[in-house]
> 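Pasting a structure here, questions to come.
Everything quoted here is computed from the prediction, not taken from an experiment.
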Amino acid sequence: MVSVAQGKARLVLLLLLEPALARAEGSPLGDTASALPGIVRVGVPGLGPRRVAVAGTAGYGMTESQGAGDGAHHRLGGTAAVGVAPISALELALRFDGRYDLHPDDGQGTHGAGVGDPRFIARFGAAASSSFRVGVEAAAWLPGKDAPSVAFDATTLDAKLLGAYAPEGGPVVGLAAGFRLDQSKNAAPDLARLRSGDRLALGLSDSSAVLAGLGVSYPLSSTELLGEVSADLLVGSKAPGLGKSPMRVDLGVRHHLSRSLALEVLGEVSPSGRPGLAPTDPLVPVEPRFSLMAGLRFRLPFDAEPEPAPGPTGPEQKTPEQKTPVAAAATTGSLRVVVLAEDGTGVPDATVTVKVGEEARPLENAGGTYSAKDLPVGPVAVSVTAEGFAPAEQSVNVTAAESAPTEIRLKALAPSGQLRGLIRSFAGKGISATIHVEPGDGEVKTDGQGAFTLDVPPGDYEVSIRAQGFKEQRRKVHVDENGVTVINAELFEGK
């Protein structure tokens, strides 16, 4: 039996932790460099909402000297990917990997080379229970002999089984196992002509591989702590010992700046042994000894996130500490907006809308204060239009608590007028002429019939009309606000 004092202590602890837990639940597992949910390379299926996502990553890697007289090898790399989930169970991605390797002087000078490869990824998964996810993933990699070329006979295929333990608001543990049918050797250039540094950076393989990975994402408020171990265990007659297969250990942080945007920083170490780099040695992909990477992830959900299902409410299902009610975090709030001109005066007849998902909702106007209720908590886009002012859009944060109205200031549109006319010769034929307006730098050329139109602010101007083979004419004109002043001119031939 839990004592009353213990129950009160647990209640106080829960109240203290509730904001952090709510933030953790509001920040689901983020996306990897492939723009799909996962740890680093280990994907987690069936967890993200219907969405489109974009991911960009850049980083630096270093491999130590591989022999006497050799030095460190440096790599600058990056990835760009776009992912889409038309339904939560199906996820597709297109990813492009690029890198540039710089090698030390091997007696023939320093040298470098770039590689770029497209990859296509398809993932299908679903929830096996409230906490477990299972799925499958297939990927096709199309290496080329020279970036950005593609050698289709070198197409390499991955197939993986995915599993994950992903309780609500808790750490996510992901597991991946599969096989790679590797044909990338068919994209290799003439190996006899390569220098050792070039072989180190090729990334191609004479061997297929068994794929394995284990990763953890641990949420702390709006931040995920990431850890992962993965390996491509090479198999086949040309495979080196398992210790020389590509292996990686990753540690990193993924911070959710908002519901849509996340920043990720990763450090990676490869404990793999290094294969031989002689011209007759089999091709083996070599990971940098250590790498540091940073990237941005952006998600745009197709729908609003569903509200969490209510928990059990029957008295027979409650523990003693649960019988004390705890206020649930509010998921909706209200918004008030005041629209002002640049001089601070109110704009009473504006049209104000707020975008919620794909729907634009108008705000009610009550004496110059525009308001809406039952909006989802978080940032929303507010748009304002009013006659005589330039349209404006501003991001506003909706909170559950009552807050002061948000001010949005509009810029007045400059008043406008117009000059228009027809320039002809005395024979009545349209002339190709240049119309220049002073003060200011307004200038326009006539069309094939000699007609022109030029928008200018209201005021007094001197207009010069010039055409090759004709004498220049000058006119003084006045343009009214929102008015049209017409200039028709016939030019004399001559200089």
> Do any N or O atoms from the side chain of Ser184 and from the backbone of Ser205 form a donor-acceptor pair under 3.5 angstrom?
yes
> Closer than 4.0 angstrom, basic N to acidic O: yes or no for Glu342 and Arg409?
no
> Using 0.5 Å steps for rounding, measure from the CG atom of Leu266 to the CG atom of Leu251.
9.0 Å
> Quick one: does Pro285's side chain get under 4.5 Å of Asp232's, heavy atoms only?
no
> Please report the interatomic distance CD(Glu490) to OG(Ser425), rounded to the nearest 0.5 Å.
8.0 Å
> Does a side chain donor of either Arg95 or Ser34 reach within less than 3.5 Å of an acceptor in the other side chain?
yes
> What closest approach, in Å, do Arg424 and Ile431 show between heavy atoms, and which atom pair accounts for it?
C-CD1, 3.2 Å
> Taking all non-hydrogen atoms of both residues into account, name the closest pair between Tyr370 and Asp349 and its distance.
OH-N, 3.7 Å
> My understanding is that only one of Thr434, Thr453, Ile423 makes a side-chain contact (heavy atoms from CB on, under 4.5 Å) with Thr446; could you say which?
Ile423
> Would you check, one step at a time, whether the test salt bridge (charged side-chain N to carboxylate O under 4.0 Å, His left out) holds for Glu393 with Lys355?
CA-CA 11 Å; Glu393 183 170 309; Lys355 192 169 185 180; over 6 Å; no
> Any heavy-atom pair between the side chains of Leu454 and Ile435 that's under 4.5 Å?
no
> Using only atom types and a distance under 3.5 Å, with no angle test, would you say the side chain of Asn365 pairs donor to acceptor with the backbone of Pro348?
yes
> Do Glu264 and Leu226 pass the side chain to side chain contact (heavy atoms under 4.5 Å, CB included) test, and can you show the C-alpha distance, the side-chain angles, and the key distance before you say yes or no?
CA-CA 10 Å; Glu264 182 179 283; Leu226 307 174; 4.0 Å; yes
> Just wondering, are more than 12 heavy atoms of other shown residues or ligands nearer than 6.0 Å to CZ in Phe492?
no
> Measure across Ala164 and Val44 and return the closest heavy-atom pair with its distance rounded to 0.1 Å.
CB-CG1, 3.6 Å
> Provide the closest heavy-atom pair for Pro458 versus Glu481 in the form atom of the first, atom of the second, distance.
CG-CA, 3.5 Å
> Side chains of Thr79 and Arg119: closer than 4.5 Å at any heavy-atom pair?
no
> Could you tell me whether a side-chain N or O of Glu228 sits under 3.5 Å from a main-chain N or O of Ile39, the two making a donor and an acceptor?
no
> Using atom types as modelled and distance alone, determine if a side-chain donor or acceptor of Asp182 lies under 3.5 Å from a backbone N or O of Thr156.
no
> Determine whether the side chains of Glu364 and Ser371 contain a donor N or O and an acceptor N or O closer than 3.5 Å.
no
> Could you tell me whether the side chain of Thr369 reaches within less than 4.5 Å of the side chain of Val337, counting heavy atoms only?
no
> Can you measure from CD (Gln394) to OG1 (Thr406) and round to the nearest 0.5 angstrom?
7.0 Å
> Distance from Arg289 atom CZ to Ser65 atom OG, nearest 0.5 Å?
11.5 Å
> Do Asp101 and His73 have side-chain heavy atoms sitting under 4.5 Å apart?
no
> Are there more than 12 heavy atoms of other residues, nucleotides or ligands under 6.0 Å from atom CD of Glu472?
yes
> What is the distance from atom CG of Leu202 to atom NZ of Lys185, rounded to the nearest 0.5 Å?
14.5 Å
> Gln183 side chain to Thr155 main-chain N or O, any donor-acceptor pair under 3.5 Å?
yes
> Does the side chain of Val172 reach to within under 4.5 Å of the side chain of Glu224, using non-hydrogen atoms?
no
> Report the C-alpha distance between Val382 and Thr353 in whole Å, list the side-chain angles of each, state the deciding distance to 0.1 Å, and finish with yes or no for side chain to side chain contact (heavy atoms under 4.5 Å, CB included).
CA-CA 6 Å; Val382 177; Thr353 59; over 6 Å; no
> Between Arg297 (side chain only) and His256 (backbone N and O only), is there a donor and an acceptor less than 3.5 Å apart?
no
> Check step by step if side chain to side chain contact (heavy atoms under 4.5 Å, CB included) holds for Leu142 and Phe120.
CA-CA 9 Å; Leu142 286 76; Phe120 303 90; 3.8 Å; yes
> Quick check against the 3.5 Å criterion: does Ser260 have a side-chain atom that pairs as donor or acceptor with the backbone of Arg299?
yes
> Kindly give the heavy-atom pair with the smallest separation between Ala140 and Leu157, and that separation in Å.
CB-CD2, 3.7 Å
> Under the 3.5 angstrom rule, does the side chain of Arg99 hit a backbone N or O of Ala201 as a donor-acceptor pair?
yes
> Take Ile487 and Phe452 through the side chain to side chain contact (heavy atoms under 4.5 Å, CB included) test and state the conclusion after the steps.
CA-CA 9 Å; Ile487 300 177; Phe452 73 92; 4.3 Å; yes
> Between Thr485 and His478, is there a donor-acceptor pair closer than 3.5 Å when you use the side chain of the first and the backbone of the second?
yes
> Does the side chain of Ser270 come within less than 4.5 Å of Phe290's, by heavy atoms?
no
> With a 4.5 Å limit on heavy-atom distance, are the side chains of Arg474 and His436 in contact?
no
> Using the rule salt bridge (Lys or Arg N to Asp or Glu O under 4.0 Å), only one of Arg133, Arg123, Arg50 pairs with Glu91; which is it?
Arg123
> Evaluate salt bridge (charged side-chain N to carboxylate O under 4.0 Å, His left out) for Arg75 paired with Glu287, printing each intermediate quantity in order.
CA-CA 10 Å; Arg75 172 176 294 179; Glu287 299 283 355; 5.3 Å; no
> Is a donor from one side chain sitting under 3.5 angstrom from an acceptor on the other, for Arg248 and Ser230?
yes
> Rounded to the nearest 0.5 Å, what separates atom CD in Glu268 from atom CG in Leu292?
10.5 Å
> Of all the heavy-atom pairs spanning Thr57 and Ala33, show the shortest one and how long it is.
OG1-CB, 3.7 Å
> With salt bridge (charged side-chain N to carboxylate O under 4.0 Å, His left out) as the criterion, how do Lys160 and Asp158 come out once you've worked through the C-alpha distance, each side chain's angles and the decisive distance to 0.1 Å?
CA-CA 7 Å; Lys160 296 179 185 177; Asp158 288 359; 5.2 Å; no
